[in-house]
Number of protein chains: 4
Amino acid sequence: MRTKELASDALSSEHQPRWTRRKEARPAELLAAALDLFVARGYAGTRLDDVAAQAGVSKGTLYLYYANKEELLKAVVRENIVPVVADSQKLAAEYSGDSATLLRVLVFGWWERFVNTKLSGISKLIVSESGNFPELARFYHDEVIVRIQALMQGLLQRGIERGEFRAVDPVQTVNVLFAPMMMLSLWRHSFGQCCKTTLKPQAYLENYVDLILSSLTHHNYESDYGKK
Amino acid sequence: MRTKELASDALSSEHQPRWTRRKEARPAELLAAALDLFVARGYAGTRLDDVAAQAGVSKGTLYLYYANKEELLKAVVRENIVPVVADSQKLAAEYSGDSATLLRVLVFGWWERFVNTKLSGISKLIVSESGNFPELARFYHDEVIVRIQALMQGLLQRGIERGEFRAVDPVQTVNVLFAPMMMLSLWRHSFGQCCKTTLKPQAYLENYVDLILSSLTHHNYESDYGKK
Amino acid sequence: MRTKELASDALSSEHQPRWTRRKEARPAELLAAALDLFVARGYAGTRLDDVAAQAGVSKGTLYLYYANKEELLKAVVRENIVPVVADSQKLAAEYSGDSATLLRVLVFGWWERFVNTKLSGISKLIVSESGNFPELARFYHDEVIVRIQALMQGLLQRGIERGEFRAVDPVQTVNVLFAPMMMLSLWRHSFGQCCKTTLKPQAYLENYVDLILSSLTHHNYESDYGKK
Amino acid sequence: MRTKELASDALSSEHQPRWTRRKEARPAELLAAALDLFVARGYAGTRLDDVAAQAGVSKGTLYLYYANKEELLKAVVRENIVPVVADSQKLAAEYSGDSATLLRVLVFGWWERFVNTKLSGISKLIVSESGNFPELARFYHDEVIVRIQALMQGLLQRGIERGEFRAVDPVQTVNVLFAPMMMLSLWRHSFGQCCKTTLKPQAYLENYVDLILSSLTHHNYESDYGKK
DNA sequence: AATGAATGAGTGTTCATTCAT
DNA sequence: TATGAATGAACACTCATTCAT
């Protein structure tokens, strides 16, 4: 084994044999397979045999990269979450137009880059398995949900400050604003898979934005917030 | 319960019967135990041993009432769902005041009778297991979700007809209106269990109703709906 | 229930109410059901639930009459075997004609009263379960097989003494003579149930008798028996 | 094997590997263990734990090779049956002497290579379990019984054509000829195991052949066959 | 680095048996 | 005598994990 390593090191600068390149690619393939299966069948319903098979490796190989099933799940979540937040934050920071449009852009951006993607399956997975893996849920909550909500909260404050939105409590309102996005993610991976449903994402999102904006621009509405 | 225990304690020193004939009570006890555990640990994570133990019977007894684990799950769902819909519909039919107040009453009614109850755990369960039990999800969708949405849709139409609400597309809007309620149910049984969260149900619901009503009463808002 | 019993007692001298007669009939009904099911499904494959159900009683009742499953099996065998041997022996004792005809009569008698009857299922059952219930097999061997072979042996000796049959070793020959009868019983309850087979009982028995008689009446055949 | 054991003994004081890679040998070992136990205890009475233990592996290993208990049984039957038929047919094809001797050779050949072997246990097993596994019985019937009977039928026709045997109906007679062989197989694995019996295989077979030949060479016997 | 044969604890399910009524 | 609810030991089968190669 020692000699083998030395030999391959010696060769690696000249040409890349297939297995060397795959060495780095393995985790990605494994995570992709795991993501698919975890989302499709849930944690318990996913057999590592199948993950390995779908990734084109043997079951033993899986254990070279991930200590056990739980670690694999954590890796799936971690690896897929990092880009999400970064994307969102960049999107928000770059924008400089009016707040209503920014809301629109954000919402449809999330649709394209998250909800309409395998990534939304992770939300579903984490919600489903939160009972068995609380730390994972906490991780996801802190790394993803909190940040997105912070983003939304910033948007609300920006709109209020610029006089575009009426004064609402940004902290509490954010939870409500967040709900339809989260539900859309869960819906697609639950009832969306097995029921004939009237919910059409585009129309749903249009209505969602419409509802929010009509509310936020309703300057003479007397909410409870102002009074307290 | 207290008196019962004392009474049986007084007698128990002589001999403890292995079991008591309680055919009528059994199913309810079993379903209660199953509901608790399914909600807490998910389908796969729930052992029938534990369900039986929590119900105070042996594992074999479980099979006298439910053919297998899946049937037990189905029974849990079915038995707990029937009253929900009835309650909701009665609540709506009885009301005759203004639509805004009706919305308030409905929302806080659901909170009290569903979301703030074990029943919301069923929603979580069904969403989580929808991949493994699509029929069950379909059943829940058709029996619960669709009916509640129909209720909400009726409310919207009522408000529009009475001139209380501006004209929105009732069919699409309903999906958005439904989202925060559904999310609250899921949230309580996922992140609500393991994360420090700013989400406080009462405030959340207040804001939710506020947001909706401010939108629906914003008569001079130019939505896309009216234009098409 | 109390009054019912008293009433029926009072009436019982005049006519037999159904349940009183059934009290004595129970074991017979149970044995009949058990015979059917044991034969059809084997010992392990027969559930006492089904035996009870087919006999029209509850499972608990079964245990009032038979201590356990094994005892039930033994009873099935014992109860059904008694008449068999008696029948056979009476049949043989009564006959006074020529030995060839006696053989014919015996063979076709067994066919009618044993092989072509549920009873042959018992043979199959005992052979099948001999590994698990050796005592039962021993019992059957001693009570049935040995006696029938004794009968046949007597027939052979009678034929030889009367000069109708050539001299053969009665003890050893009997085993061979017995084989086709036994196999017919087993065949009907095994391959006869599931295979398209050329074996037709009537023709089979005709050929069997034919073969034996042609051999036994072959006086100038030089067998090994005479020489040793 | 000897050297291997010694070598491993020398090393074993340090650590005993949990298992050794023996993929090629496993099926044979498992089938041998299964054959033994199925024959000894019947299908239901055989625990896969025991099969695995007797084969020196864990229960899980069994499932690497056979999908379930039924498949294991089928494999036991299939694997052991193939050589039987081939042997029989070769034996018959090679012979060129007189038919009586051929009969003798065949009968004692079967004794040595089948009846006096574990293989006869399979017959017993299949007869016993024919009710639960009809397809298996059918398979055995078509692959083994039918072929052996065809062999015997050929022998009869050969003898008749060569004038060595009197004219009998080969089709029906074969069933009778086959019976004593089959019964001997069953007997050995049933009553032969638990009863003091006069049946001694050698003498039994001698008498069997004797009976058949004396019949077949009884040229002036008036059977029913010739008359129809 | 990669394999895949082997493991064994764990769980759903069955069913003979018991016993309060 | 009869019931049938309750039991619990037993067993087939699964699958995450290990490790010799």
Side-chain angles (χ1 to χ4, degrees), chain A residues 1 4-5 8 17 19-20 22-24 26 44-52 56-70 72, chain B residues 15 17-26 44-52 56-70 72, chain C residues 1 5 19-20 22-23 26 44-52 56-70 72, chain D residues 15 17-26 44-52 56-70 72:
Chain A
M1 200 164 176
K4 204 163 154 190
E5 275 174 10
S8 66
W19 72 263
T20 304
R22 291 183 66 185
K23 186 168 78 179
E24 279 104 48
R26 278 276 190 273
T46 296
R47 295 182 316 174
L48 295 190
D49 269 309
D50 292 343
V51 174
V57 300
S58 75
K59 196 165 38 166
T61 301
L62 224 167
Y63 280 83
L64 293 176
Y65 296 96
Y66 304 99
N68 52 38
K69 196 179 183 181
E70 186 171 347
L72 178 62
Chain B
H15 79 309
R18 276 199 310 163
W19 50 267
T20 340
R21 196 176 299 229
R22 310 185 49 205
K23 185 167 188 184
E24 286 78 35
R26 285 286 181 248
T46 297
R47 296 185 322 193
L48 295 191
D49 268 311
D50 292 343
V51 174
V57 300
S58 75
K59 195 164 40 166
T61 301
L62 228 168
Y63 282 85
L64 293 178
Y65 297 93
Y66 304 99
N68 52 39
K69 197 178 183 180
E70 186 171 347
L72 178 63
Chain C
M1 200 165 175
E5 276 174 11
W19 73 264
T20 304
R22 289 182 69 183
K23 186 169 77 179
R26 279 274 188 275
T46 297
R47 294 183 315 174
L48 294 191
D49 269 310
D50 292 343
V51 173
V57 300
S58 76
K59 196 164 40 165
T61 302
L62 225 168
Y63 280 82
L64 293 176
Y65 296 96
Y66 304 100
N68 52 38
K69 196 178 183 181
E70 186 172 346
L72 178 62
Chain D
H15 79 308
R18 276 197 313 160
W19 50 267
T20 338
R21 198 175 300 228
R22 309 187 49 205
K23 186 168 187 184
E24 286 77 34
R26 285 285 181 249
T46 297
R47 296 184 322 193
L48 294 190
D49 267 312
D50 292 343
V51 173
V57 299
S58 75
K59 192 165 43 170
T61 301
L62 227 169
Y63 282 85
L64 293 177
Y65 296 94
Y66 303 100
N68 52 40
K69 198 178 183 181
E70 185 171 347
L72 178 61

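Model, not experiment: these values are computed from the prediction.
Whole-Å rounding puts the Glu70(A) CD to dA16(F) P distance at 13 Å. In this structure, CG of Asp49(B) is placed 12 Å from C1' of dA9(F), rounded to the nearest angstrom. Whole-Å rounding puts the Leu62(D) CG to dA5(E) P distance at 15 Å. Look at OH on Tyr63(B): it is 12 Å from P on dC15(E), rounded to the nearest Å. Following rounding to the nearest Å, Leu72(B) (CG) and dT11(E) (C1') show an atom-to-atom distance of 15 Å. One interatomic measurement links the two molecules: CZ of Arg47(C) to P of dT14(E), which rounds to 9 Å at whole-angstrom precision. Atom P of nucleotide dG4(E) and atom CZ of Arg26(D) are separated by 17 Å, given to the nearest angstrom. The interatomic distance linking Leu64(D) (CG) with dT14(F) (P) rounds to 12 Å, in whole Å.
Look at dT7(E): its Watson-Crick or wobble partner, with both distances under 3.5 angstrom, is dA16(F). The nucleotide dT21(F) finds its pairing partner in dA2(E), both defining distances of the Watson-Crick or G-U wobble pair being shorter than 3.5 Å. Searching all strands for a Watson-Crick or G-U wobble partner of dA9(F) with both distances below 3.5 Å returns dT14(E).
Between Ser58(D) and dG8(E) there is no side-chain N or O to OP1 or OP2 distance below 4.0 Å. Contact annotation: Thr61(A) reaches the phosphate of dT3(E) (side-chain N/O to OP1 or OP2, under 4.0 Å). Here Tyr65(D) reaches the OP1 or OP2 of dA6(E): one of its side-chain N or O atoms lies under 4.0 Å away.
When the nearest nucleotides of DNA chain F are assigned to Lys69(A) and Ala67(D) by heavy-atom distance, the more 5′-ward of the two goes with Ala67(D).
Within the model, atoms CG of Leu62(D) and NZ of Lys69(D) stand 11.0 Å from one another, a figure rounded to the nearest 0.5 Å. Distance check, rounded to the nearest 0.5 Å: CG of Asp49(C) to OG of Ser58(C) gives 10.0 Å.
Across all strands, Leu48(B) comes closer than 4.0 Å only to sugar-phosphate atoms, never to a base (heavy-atom distances). In this structure, Lys59(A) reaches the bases: a heavy-atom distance under 4.0 Å links it to at least one base atom across the strands shown.
Contact of the Leu48(A) side chain with the Leu72(A) side chain is registered, since non-hydrogen atoms from C-beta on lie closer than 4.5 Å.
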